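Please read these numbers as outputs of a predicted model, since none were measured by experiment. Whatever order the structure lists ligands and atoms in, that order sets their numbers, starting from 1.
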Amino acid sequence: MKAAEARVLLTGARGGIGQAMARALLGAGVAVMGVGRATAPPALVASGMHWLQADLITAQGVADVATGAEAWGANVVVHAAGVPAFGPLANEPAWRLDEVVRTNLLAPMLLTRQMLPRLLARPRAQIVFVGSALGRIGLPGFSVYGASKSGLHGFAEALRRELGGSSVRVQVLAPRSTRTPFNDAAVEAYNRATSTAMDSPELVAQALLRLIESEAPERFIGFPERLAVRLNGALGALLDRSFVKHRRHLHAAPAAPDAQGSRT
Ligand SMILES: NC(=O)c1ccc[n+]([C@@H]2O[C@H](COP(=O)([O-])OP(=O)(O)OC[C@H]3O[C@@H](n4cnc5c(N)ncnc54)[C@H](OP(=O)(O)O)[C@@H]3O)[C@@H](O)[C@H]2O)c1
């Protein structure tokens, strides 16, 4: 839909990508209601952004966001909230697997389920899931995160087909690595060692604006990633040897201390 018609509910609006998206949307004249666990960034409020404070991995948080967004008249939902996980699987505490799947996969599924009847009643609506190149290309060190995003891509694809012919478009925006607090020093070192490109959050935000206007089913950011996604889909097992460098670097990196090791 045209930017002027959009009223966007944006989760993850305090994050690196989320704030860039909010700025770009507001700058294009789009009405934005942001969601975050803490208070809104003052500069975005000053620019006219509405705000809902909620923790999306709680049932109450999902219900509050759905109710608030519906009352406000949201016709576009952008699911950008997410948490990272990087490192060898054996180093990941069990609670982190739970948190990653609940935040990156289950929360957007539950929020979408709750909002869908009202979105279907609107003349036009769009649901944008922020996926990841790592949701279609499994990389060493990203088994947990990649699984959550792969699940999200699968959910979006099936829902897009389920809602075909309705007034609701389902879309996926899949960034590659992006310079935000999401990526710690270990990820940045891995990216340097494996010559992985990193984008600015502003570039991702511009891609979101284009995606909303185009109503295209999906957009992967970066030509090498788009090509790799296609090759991986067709010849996945044959590409396994391409990631030896990634694996070597992962094993060379020291294990991250488990700051919350008492949780299982
Ligand atoms: N950065 C990258 O390299 C990259 C690449 C591909 C895809 N992505 C995806 O892009 C999205 C945004 O990433 P980012 O780089 O902007 O990350 P970020 O800076 O860490 O921001 C993530 C946001 O998610 C919110 N969030 C996390 N758990 C939540 C919960 N339980 N309830 C409500 N909000 C919650 C956080 O809100 P609070 O601030 O309120 O805590 C935070 O603002 C994520 O889905 C990520 O998976 C990122």
**Student:** Would you say the rings of His153 and Phe220 are close, in the sense that their centroids are separated by under 6.0 Å?
**Tutor:** yes
**Student:** List ligand 1 atoms under 4.0 Å from Ala38, heavy atoms only on the residue side.
**Tutor:** 40 (O)
**Student:** Under 4.0 Å from ligand 1, counting heavy atoms only, is it the side chain of Ile17, its backbone, both or neither?
**Tutor:** both
**Student:** Hydrogens and angles aside, do Thr196 and Thr194 bring a side-chain donor and acceptor to less than 3.5 Å of each other?
**Tutor:** yes
**Student:** Just jot down the ligand 1 atoms closer than 4.0 angstrom to any heavy atom of Asp55, in number order.
**Tutor:** 30 (C), 31 (N), 32 (N)
**Student:** May I ask you to check if ligand 1 and Pro175 share an N or O to N or O distance below 3.5 Å?
**Tutor:** no
**Student:** Could you tell me, atom by atom, which parts of ligand 1 come under 4.0 Å of a heavy atom of Ala54?
**Tutor:** 32 (N), 33 (C)
**Student:** Under 4.0 Å from a heavy atom of Gly36: give me the atoms of ligand 1 that qualify, with their elements.
**Tutor:** 40 (O)
**Student:** Running the 4.5 Å side-chain criterion over Ile, Leu, Val, Met, Phe, Trp and Tyr, what cluster does Ile57 land in, apart from itself?
**Tutor:** none
**Student:** Go through ligand 1 atom by atom and flag the ones less than 4.0 Å from a non-hydrogen atom of Ile57.
**Tutor:** 31 (N)
**Student:** Looking only at distance, does Asn104 have an N or O less than 3.5 Å from an N or O of ligand 1?
**Tutor:** no
**Student:** Under 4.0 Å from a heavy atom of Arg14: which atoms of ligand 1 are those, numbered in the order shown and with their elements?
**Tutor:** 38 (P), 39 (O), 40 (O), 43 (O)
**Student:** Give the numbers and elements of all ligand 1 atoms closer than 4.0 Å to a heavy atom of Tyr145.
**Tutor:** 6 (C), 7 (C), 8 (N), 9 (C), 46 (C), 47 (O)
**Student:** I want to know if ligand 1 touches Gly15 in the polar sense, i.e. an N/O pair below 3.5 angstrom.
**Tutor:** yes
**Student:** So which protein heavy atom does atom 17 (O) of ligand 1 come closest to, and at what separation?
**Tutor:** Phe182 CD1, 3.0 Å
**Student:** Does at least one non-hydrogen atom of Lys149 fall below 4.0 angstrom from an atom of ligand 1?
**Tutor:** yes
**Student:** Heavy atom of Gly131 under 4.0 Å from ligand 1?
**Tutor:** yes
**Student:** My understanding is that we take every heavy atom of each candidate and find the minimum distance to atom 10 (O) of ligand 1. Doing that for Val130, Leu173, Thr39, which one comes out nearest?
**Tutor:** Val130
**Student:** Give yes or no for whether the N/O distance cutoff of 3.5 Å, strictly under, is met between Leu56 and ligand 1.
**Tutor:** yes
**Student:** Is Arg176 close enough to touch ligand 1? Criterion: a residue heavy atom under 4.0 Å from a ligand atom.
**Tutor:** yes
**Student:** Which of the atoms of ligand 1 are close to Asn183, meaning less than 4.0 Å from one of its heavy atoms?
**Tutor:** 1 (N), 2 (C), 3 (O)
